[in-house]
Visitor: 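After the structure tokens below, expect a handful of questions from me.
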2 protein chains.
Amino acid sequence: MGLFLLNLPLQKSAKVRYTERVAKGGIWMEEKDFLQEIKEIEMIKEALGLLEWDAQTGMPEAASDFRGEVSGYLAGQAFSRSIGPKIKEAITTLKPENLSEVGQEVLTFVKEEYDLNKAIPADRYEAFMKETSKAHTAWAKARASQNFDDFKGSLSAIISYLKEFIPLWQKDEATAYDVLLNQYEPGMTVEKLDAIFGEVKDGIMALRARLAEGTAPQTDFLSRKVTKAQQKRFAETVVKELGYDFERGRLDDTIHPFMLDLNRNDARITTRWNEHDFSMAIFGIMHEAGHGMYEQNIDPKYDHTPLSTGTSMGIHESQSLFNEIIIGSNQAFWRKQYPFFQECTEGTFDDIDFDTFYRGLKQTRASLIRIEADSLTYPLHIIIRYELEKEIFNGDVTVEELPTRWNDKYEEYLGIRPENDLEGILQDVHWSGGSFGYFPSYALGYMYAAQLLHAMEETVDVDAVLASQDYSPIKNWLTEHIHRYGASKKPNWLIQEATGEALNPQYLLDYLKKVYYTAYQIND
Amino acid sequence: MGLFLLNLPLQKSAKVRYTERVAKGGIWMEEKDFLQEIKEIEMIKEALGLLEWDAQTGMPEAASDFRGEVSGYLAGQAFSRSIGPKIKEAITTLKPENLSEVGQEVLTFVKEEYDLNKAIPADRYEAFMKETSKAHTAWAKARASQNFDDFKGSLSAIISYLKEFIPLWQKDEATAYDVLLNQYEPGMTVEKLDAIFGEVKDGIMALRARLAEGTAPQTDFLSRKVTKAQQKRFAETVVKELGYDFERGRLDDTIHPFMLDLNRNDARITTRWNEHDFSMAIFGIMHEAGHGMYEQNIDPKYDHTPLSTGTSMGIHESQSLFNEIIIGSNQAFWRKQYPFFQECTEGTFDDIDFDTFYRGLKQTRASLIRIEADSLTYPLHIIIRYELEKEIFNGDVTVEELPTRWNDKYEEYLGIRPENDLEGILQDVHWSGGSFGYFPSYALGYMYAAQLLHAMEETVDVDAVLASQDYSPIKNWLTEHIHRYGASKKPNWLIQEATGEALNPQYLLDYLKKVYYTAYQIND
């Protein structure tokens, strides 16, 4: 996942290439004035980004009230500037034909966001941000006590804020939850998602039934002890080879892993470690590195503008999942890396041959924790969250009912039930940050990633590249078709241009079938 | 040392206890409006603090241009607010008799700073801040190349800015350098320092000559390998016992150690490690923890005001040196801690008896690196820097001449000469941040610390406390007499109240004589 602080889009400011003057009641607003205002807002948000990164990687908890005040204040500043008189003047008086190309793109983007942001009074937004800061602390406390009661007050407050904001944001969206979905994935609706998720759910259910007839992989070796240092050596080397630039990023420990980009030269990834489940950190780091690579490779012409970031949560997730799952499940990739993995783990897997190792990675089994889920059941975790969020905003479920509803759905879809809230509803950080409507992006990203692989294979022999010493053709293809555009293009445009067609969930189902039939030794 | 970002004092805002209205041309300025403005400036500075901490503990170097822009912008915002219309109105219209006690103290403080800050145009101050950010990168680069040439351009630029600012700051100070000294230690002058440093220098020279007749301690064991983990266990335990609260702070790695307080619940310390010189990190961490304890124990009534920080660099340094040297050189302290040190170091020092160990810590020998200097020669390092800074601002030395002048003085006072700029003029971070006039505070702090010990011993049996399991009487005395006041009192007032007399360098010389005569087995 990529964690973003604000529902507001990031704001940055482009290099000025042309200066055009437009008159308005005697006041001249120039492109450079507009871009300077955008840049200043962006700089406040860069500071906010660091405050957030720090809060999640090691700030003393005792400082959370101070931090909440600072973040709330600066977020309020950024927000009020984003709907302030300078931006208003720019979007009402600047004419696209008088602007540089980047200037035009920024203006288009800012106009869209202005309407969204203008809806919320600055003091209400600031209060909401303060609430999310407190909620993060409450969430961490509830995790420690394994008791949802320690979090529900904060969660209720956050939901109330969003219910207050939704009517203010709403344009032509059909339902309240559509409004939130749109903020993460433009153009996405409950109607579309109900259909797509229905198809995906049915497909995965059918596939799981079929795999029950296959030969389950050996997996006991997956819990062998691999030290943090051993895991770190392997994971850092691999993501460096994949193209994550540590000279323009860093890796830190956290409770709930995220990537946070301060700018394209500072895209930070985080992880957590389990010495008896190496796959968690290794695939987690590959995942976050995919987010980071997206940010690191945006065209520098978008520096200091709101376009210098990923275009949507779904597209962002397509990049992280491309690393984590598309590459991380590839047989050729592992055939090449396994000797290095054995070297890093210093003999721990000497008795495990490659096929056994590879098939073991692709075991599928119902699990309670989303970020530990395998790549087949993962979409079911997302569908559960989607359904609950839909009930919160379009239905009448209460906060008190959520833990039970959560547990009931896990039992229904996955056949297992959480024994406490920590392995249930308290597992994700998202709601504490007010990020509702975000989860579906993970599944959309997965579908995008499978579709991008299909398109990439028309010009790149992906298996051959992954068997080689040079992975750059893959990164270059993604930079060419996705990364470089930043937020200047919409998800639909990018997918259409990159793959020649609109989103089609069948590619994901085909992909899953191929990978899992191999792992479970099923011949179709 | 405590690293502070700005020559500007920190700004924070007190809890409002009373609300008084004063009329001015029809506009009502209330205490709460004043304190809110102060609080907002303080919050911007808290964000700036984190940006700086991050830049020095792990930010990717490639991001330094982006970071410089963000820090420069926010520093400019904080600065222009601190001399803005709201503060101006407050200091011209609010009457002390209508304010709460904290409100009065804050107003007094802000009035003094306003005059100082008003002098500098906001755009010039912002440009200066950007320059310091670039200079930090240049300094790090010069350290890598061991070549002052990579830093001198940035250093020249910083000196030029300060020479531009000094006449704007100057009131009744007799010399340009007095102006800078005053910003770190109110009331300090070249005239006073020439006299005090003369006395200290003569005293230390005489003492060094006398020690040459004594028995030098055995020291070969000091370079035995002690792993970072072993050092960390010992140092973290000790500073926790001394009273540094890790629940309201943290310890990180850096190139040049510092303490940075974001607020009293987040006072961060940093260190660097040398596995063949355990004393560097152990005493370094005790030092920074002393700074941190000062910040952590300021009265909460000063939260969010500029009074919630140490009152001067000299007083701050007295607290760090109290930990590092006064306690860190105490025989009773080490007699109690040595068994634990032996435990942490897992047998490495089994053959070293306590007296040998203790005397070894107090070896004195000329050295090139200030932060590695022993507690006898340390003031000479400061005096060298003081003399150079005085020449830069009151004399006519050029930047090109500085490395040679630096080396010459080391040869003259300490009898040794740096072989390259890294072990010479490039060793300290201070000048890259524009902190001239800061170094003398280290020696002032040392003198204050010795004088505070003398006063403390009237009511606390310091040796007995350090031999016990409970060090709290020492921390409590320091909190009672120093910490709690924050910046609400001046150094002179604090020293007078705490010790019953003004600064007297003789306490330091007496103290040094006692410690080193023991170490060198000299009977007076």
Side-chain angles (χ1 to χ4, degrees), chain A residues 12-13 36 39-55 57-78 81 126 130 244-252 261-269 292 295-296 300 303-304 308, chain B residues 12-13 36 39-55 57-78 81 126 244-252 260-269 292 295-296 300 303-304 308:
Chain A
K12 306 184 180 177
S13 129
Q36 179 61 28
K39 179 175 179 172
E40 292 183 7
I41 294 168
E42 178 60 20
M43 290 193 288
I44 295 170
K45 289 187 174 166
E46 190 164 327
L48 274 163
L50 185 67
L51 289 160
E52 180 67 16
W53 171 83
D54 180 68
T57 55
M59 179 190 77
E61 192 183 313
S64 79
D65 286 348
F66 284 94
R67 179 60 52 87
E69 293 213 65
V70 173
S71 291
Y73 170 68
L74 288 178
Q77 290 287 302
R81 294 274 291 266
E126 188 173 342
K130 280 189 193 173
Y244 177 74
D245 184 354
F246 277 98
E247 301 294 310
R248 302 189 293 133
R250 50 182 283 169
L251 171 63
D252 292 271
D261 60 302
L262 299 176
N263 53 64
R264 75 181 155 78
N265 280 348
D266 194 353
R268 301 177 179 203
I269 61 177
E295 296 292 336
Q296 288 177 337
D303 282 354
H304 309 299
S308 186
Chain B
K12 305 185 181 177
S13 132
Q36 178 61 28
K39 179 174 179 172
E40 291 183 7
I41 294 169
E42 179 60 19
M43 290 192 289
I44 295 171
K45 289 187 175 168
E46 190 163 327
L48 273 164
L50 185 67
L51 289 160
E52 179 67 15
W53 171 84
D54 181 68
T57 55
M59 179 189 78
E61 193 183 313
S64 79
D65 286 348
F66 284 94
R67 179 59 52 88
E69 293 214 65
V70 174
S71 291
Y73 171 68
L74 288 178
Q77 290 287 303
R81 294 275 291 267
E126 188 173 342
Y244 177 75
D245 184 355
F246 277 100
E247 301 294 311
R248 301 188 293 133
R250 52 182 282 167
L251 171 63
D252 292 271
L260 193 146
D261 60 302
L262 299 175
N263 52 64
R264 74 181 156 79
N265 281 347
D266 194 353
R268 302 177 178 203
I269 61 177
E295 295 293 336
Q296 289 177 336
D303 283 354
H304 308 299
S308 187

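Only this structure's heavy atoms are used, side chains among them; waters, hydrogens and symmetry mates stay out. Letters A, B, ... are given to chains in the order of the sequence lines, protein chains preceding strands, and every chain is numbered from 1.
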Visitor: List for me each residue that meets ring-ring contact (aromatic ring centres under 6.0 Å, His included) alongside B/Phe66, sequence neighbours excluded, and say none if there are none.
Guide: A/His304
Visitor: Tell me the closest heavy-atom pair linking B/Ala62 and A/Arg248, and the distance in Å.
Guide: CB-CG, 3.7 Å
Visitor: Atom CD in A/Glu61, atom CG in B/Asp266: separation rounded to 0.5 Å?
Guide: 12.0 Å
Visitor: Considering all heavy atoms of both residues, which atom of B/Pro60 and which atom of A/Asn265 are nearest to each other, and what is their separation?
Guide: CB-O, 3.9 Å
Visitor: B/Glu69 versus chain A, heavy atoms under 4.5 Å apart: side chain, backbone, both or neither?
Guide: both
Visitor: Among all residues two or more places apart in sequence or in another chain, which pass the side-chain contact (heavy atoms from CB on, under 4.5 Å) test with B/Asp54?
Guide: A/Leu50, A/Trp53, A/Arg250, A/Arg268, B/Met59, B/Arg67
Visitor: Between B/Leu51 and chain A, which part of the residue has a heavy atom less than 4.5 Å away: side chain, backbone, both or neither?
Guide: both
